[in-house]
Amino acid sequence: MHRHLSNRAALTVATLAALFAGGARAQTDPLYRYQWHLMNYGQSVLGDVRPAFGMDLGIDDLHDYNIRGKGVVVSVVDEGVELAHPDLAANVVANGSWNFNDGSHDPTPISGDAAHGTQVGGIIAAVGWNGIGGRGVAPAARLKSFNFLDAGGSFAQVQYAWWDGPESKDVAVSNNSWGDTIPLFLPTIAENEVAAWENPMSATRGGLGTIYAKASGNSFSSVPHSSGELCPVSSRQVGCSQSIFVKESNYFNIITVAAVNAAGRRSSYSTPGASVWVSGLGGEYGWERAVLAPQATPAQ
């Protein structure tokens with residue numbers, strides 16, 4: 001099963017999933033002021049465009065009321081999370097993660113290029129007020145990691161991470177920042193197949209179920225075809241792909257999440273579709289001319 005990282009919509013999903021887990025005002029985390037999605041006063045951020053005032057989660061109020069995700073277990077089904085990361089380690093559930101590659105409880109990536117899961121984990125549950133890095137939406141939530149994207153991304157691995165594996169049994173919020181690589185056709189889902197997914201998803205945690213948040217995708221402006229071509233320009237007005245092309249995004253239990261930017265408008269990449277429940281704060285690319293200019297390649 002071909003998979004790709006939904007790198008920007010993924011962050012939207014992580015933000016929404018953490019919000020479901022629960023959201024002090026002393027801002028001792030040095031990168032907190034750049035996290036416009038948490039509190040947005042129109043401040044300067046790591047990008048050339050200032051965000052629109054008030055386009056945020058208003059997280060300070062939640063944190064002030066001590067709504068910080070305490071006691072909630074959140075899984076990151078993605079690339080592996082760096083469990084020993086100094087801004088995450090205190091919130092990681094000991095032996096609660098799973099590495100599909102080596103059968104261990106440590107899915108920490110072995111490649112520096114596989115940082116996506118760690119980024120998502122930080123958006124969800126980076127430890128707050130510790131003087132390190134940023135702050136999670138739910139800075140007291142407990143984290144688990146399932147590195148299925150590092151291991152091929154099979155349906156069996158998804159099922160293990162969602163309900164079948166012993167490590168998934170107590171997960172309250174499952175964050176999924178991925179989608180099919182080439183979603184060209186509407187999927188066919190038999191009634192018994194729907195039941196085979198939705199019934200066990202509803203039965204986790206002794207029948208309480210799990211909240212499954214999933215990215216709608218990054219294919220509004222382009223989608224990879226087998227030939228490597230991009231979609232026709234005429235399609236880019238309504239989107240080059242649809243969220244319903246990804247089978248898992250159609251299940252009743254899934255909250256499919258699209259993205260808006262710091263101005264409150266649709267993020268340029270965000271995939272639309274009938275399965276989208278809600279849009280969250282995903283932003284754009286965050287380019288900075290001061291950083292890119294010295295590295296820029298002159299136009300040919």
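For reference, positions follow the sequence shown, starting with 1. Quick caveat, the model's predicted, so the values are computed rather than measured.
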Within this structure, what is the [atom1]-[atom2] distance for the pair [X] and [Y], rounded to the nearest 0.5 Å?
X      : Y      : atom1 : atom2 : result
His105 : Leu83  : NE2   : CG    : 11.5 Å
Glu284 : Asn261 : CD    : CG    : 5.0 Å
Met55  : Tyr41  : CE    : OH    : 15.0 Å
Arg33  : Leu38  : CZ    : CG    : 14.5 Å
Ile124 : Ser177 : CD1   : OG    : 7.0 Å
Leu281 : Gln35  : CG    : CD    : 12.0 Å

Under the 3.5 angstrom rule, does the side chain of [X] hit a backbone N or O of [Y] as a donor-acceptor pair?
X      : Y      : result
Thr271 : Ser219 : yes
Ser75  : Val77  : no
Gln157 : Ala151 : yes
Arg266 : Val260 : no
Asp29  : Trp129 : yes
Arg142 : Val92  : yes
Asn250 : Ile244 : yes

[X] versus [Y], closest heavy-atom pair with distance:
X      : Y      : value
Tyr34  : Ser44  : CD2-O, 3.8 Å
His116 : Asp78  : ND1-OD1, 2.8 Å
Pro51  : Ala262 : CB-CB, 3.5 Å
Asp170 : Arg205 : O-CD, 3.9 Å
Asp150 : Ala114 : OD1-CB, 4.2 Å
Gly42  : Asn40  : N-OD1, 2.8 Å

Among Phe155, Trp98, Phe148, whose ring-ring contact (aromatic ring centres under 6.0 Å, His included) with Tyr160 holds?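 Of the listed residues Phe155, Trp98, Phe148, the ring-ring contact (aromatic ring centres under 6.0 Å, His included) partner of Tyr160 is Trp98.
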Donor-acceptor pair between [X] and [Y] side chains, under 3.5 angstrom:
X      : Y      : value
Trp197 : Asn253 : no
Ser275 : Ser243 : yes
Thr204 : Thr210 : yes
Ser104 : Asp106 : no
Asn147 : Asn99  : yes

Pairwise side-chain contact, [X] with [Y], heavy-atom cut-off 4.5 Å (strictly under):
X      : Y      : answer
Val137 : Ile59  : yes
Glu167 : Ser97  : no
Trp178 : Lys214 : yes
Asp164 : Pro200 : no
Arg50  : Trp36  : no
Phe220 : Pro272 : yes
Ser249 : Ser216 : no
Ile132 : Val127 : no

Report yes or no: do [X] and [Y] belong to one cluster of Ile/Leu/Val/Met/Phe/Trp/Tyr joined by side chain heavy-atom distances under 4.5 Å?
X      : Y      : answer
Ile189 : Val276 : no
Tyr65  : Tyr32  : yes
Trp162 : Phe100 : yes
Val120 : Val171 : no
Leu208 : Val74  : no

